[in-house]
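The structure under discussion appears below in the form of structure tokens.
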Amino acid sequence: MNAPIVSFTHVGKTFDVDGFELEAIREFNLDIAEGEFVAIVGSSGCGKSTLLRLLVGLDIQFRGQITVDGKAVSGIGSERGIVFQEHRLFPWLSVADNIGLGLVNEPLSAAQKHKRINDFIELVGLGDFARAYPHQLSGGMAQRVAIARGLVASPRILLLDEPFGALDALTRQQMQDELLAIRERAKITTVLVTHDVEEAIFLADRVVVMEPRPGRIKQVVEVALPHPRQRSSFDFHQLREELLHELTSDDHYQPPVPVQVRDLPLSYIAY
Ligand SMILES: Nc1ncnc2c1ncn2[C@@H]1O[C@H](COP(=O)(O)OP(=O)(O)O)[C@@H](O)[C@H]1O
Ligand SMILES: [Mg+2]
């Protein structure tokens, strides 16, 4: 692979909780290629959000090194945009102004900002809602505003922390389709954190399966299925079963030994 755009090397993170050390991440190593879509899956508490917070630069107390384009991460930067599970829109600001918050640190004129905001409102399909307020939006629309805010500064890497977790199943699938369409147009490296294995397989080029307490990589799985992926296809189903098994099994787990047909009495076989 070409030089990775993101590189985690021996990353570890420990929190101090009431004088006790809580090891949240242990020995996390991962290279992400430019343009790649990586999903990180794992149960609640396995350190997924912590990893994204470290990558986006919201927390710079950790062991090891995280680099973006070869430079060590030492704080937030406009080449990384993040979208959280709750949209975190400001209720007193319009859709356009909420998206504009993504540009506060950008050296652009007011006219340039205005144009950029409108471009991204169009990109996420909210052209008629620029002047609307968050309470006038559905959950899916609010999350699209959050995605536009994450993208408006034209980051090279988009980080998504369970962005569709609070949406109903149908809206979630629509948003997944839209995210792929946006990626088609914006060609952006994407790191998605989710506990939804199906979402990870539907979207990602690679799925990183995490193991909890402390958070470690259990397995990295390539998803070689062509887009658009069919959730009902045999290959999809197969991969989902495999990943679910990875997530729920632990290293000490012994699968039950299958009963040999020849060990059963003849009367069993007849039925
Ligand atoms: N600021 C913090 N202070 C103390 N412990 C934390 C903090 N943030 C996360 N943790 C702990 O670190 C572990 C990983 O948390 P998190 O990254 O939020 O997991 P996930 O996003 O996978 O659910 C959990 O045990 C959590 O309680
Ligand atoms: Mg989390």
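Keep in mind it's a predicted model, so treat the numbers as computed, not measured. Counting starts at 1 for both ligands and their atoms, following the listed order. Along the sequence shown, residues are numbered consecutively beginning with 1.
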Is the closest N or O pair between Ala24 and ligand 1 shorter than 3.5 Å?
->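 Ala24 vs ligand 1: no N/O contact under 3.5 Å.
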What about Gly45: any of its N or O atoms under 3.5 Å from an N or O on ligand 1?
->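 Min N/O separation from ligand 1 is below 3.5 Å for Gly45.
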Heavy atom of Gly42 under 4.0 Å from ligand 1?
->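 No, that is not the case, since the closest heavy atom of the residue is not under 4.0 Å from the ligand.
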Can we say Lys13 and Asp59 salt-bridge, meaning some charged N sits less than 4.0 Å from an Asp/Glu carboxylate O?
->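 Here Lys13 pairs with Asp59 in a salt bridge, since their nearest N and O are under 4.0 Å apart.
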Using a strict cut-off of less than 4.0 Å between a Lys/Arg side-chain nitrogen and an Asp/Glu carboxylate oxygen, indicate whether Arg240 and Glu198 qualify as a salt bridge.
->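 A salt bridge links Arg240 with Glu198.
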Under the ring pair (Phe, Tyr, Trp, His ring centres under 6.0 Å) rule, collect the residues that match up with Phe8, sequence neighbours excluded.
->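 Partners of Phe8 under the ring pair (Phe, Tyr, Trp, His ring centres under 6.0 Å) test: Phe28.
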Should the ring pair Trp92 and Phe90 be called parallel, tilted or perpendicular, given that the plane angle runs from 0 to 90° and is split at 30 and 60?
->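 Taking Phe90 first and then Trp92, their aromatic rings sit tilted (interplane angle of 30° to 60°).
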Looking at atom 9 (C) of ligand 1, what's its closest protein heavy atom, distance included?
->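 Answer, as residue, atom name and distance: Phe15 CE1, 3.4 Å.
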Shortest protein heavy-atom distance from atom 19 (O) of ligand 1, along with the residue and atom involved |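 Checking every protein heavy atom, the shortest distance to atom 19 (O) of ligand 1 gives Gly47 N, 3.2 Å.
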Check the pair Arg183 / Thr190 against side chain to side chain donor-acceptor pair (under 3.5 Å), numbers first and verdict last.
-> CA-CA 8 Å; Arg183 261 179 59 83; Thr190 309; 2.9 Å; yes
Relative to the heavy atoms of [X], which atoms of ligand 1 are at a distance of less than 4.0 Å?
{"X": "Ser44", "answer": "23 (O)"}
{"X": "Ser49", "answer": "17 (O), 18 (O), 20 (P), 21 (O)"}
{"X": "Val17", "answer": "4 (C), 5 (N)"}
{"X": "Leu22", "answer": "11 (C), 12 (O), 25 (O)"}

Assess Ser49: does it contribute an N, O or S atom lying under 2.8 Å from the Mg ion (ligand 2)?
->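 Checking Ser49: at least one N, O or S atom is under 2.8 Å.
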Cut-off 3.5 Å, side chains only: do Ser249 and Lys218 have a donor facing an acceptor?
->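 Per modelled atom types, Ser249 and Lys218 side chains form a pair under 3.5 Å.
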For His10 and Glu27, does a side-chain donor sit closer than 3.5 Å to a side-chain acceptor?
->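 A pair is found: one side chain offers a donor N or O, the other an acceptor, under 3.5 Å apart.
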Heavy-atom distance under 4.5 Å between the side chains of Ile32 and Pro4, does that happen here?
->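 Counting from C-beta outward, Ile32 and Pro4 never come under 4.5 Å.
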Proximity winner for atom 17 (O) of ligand 1, if only heavy atoms of Thr50, Asp59, Leu51 are counted |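 It is Thr50 that holds the nearest heavy atom.
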Return yes when at least one protein heavy atom is under 4.0 Å from atom 27 (O) of ligand 1, and no when none is.
->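 Protein heavy atom within 4.0 Å of atom 27 (O) of ligand 1: absent.
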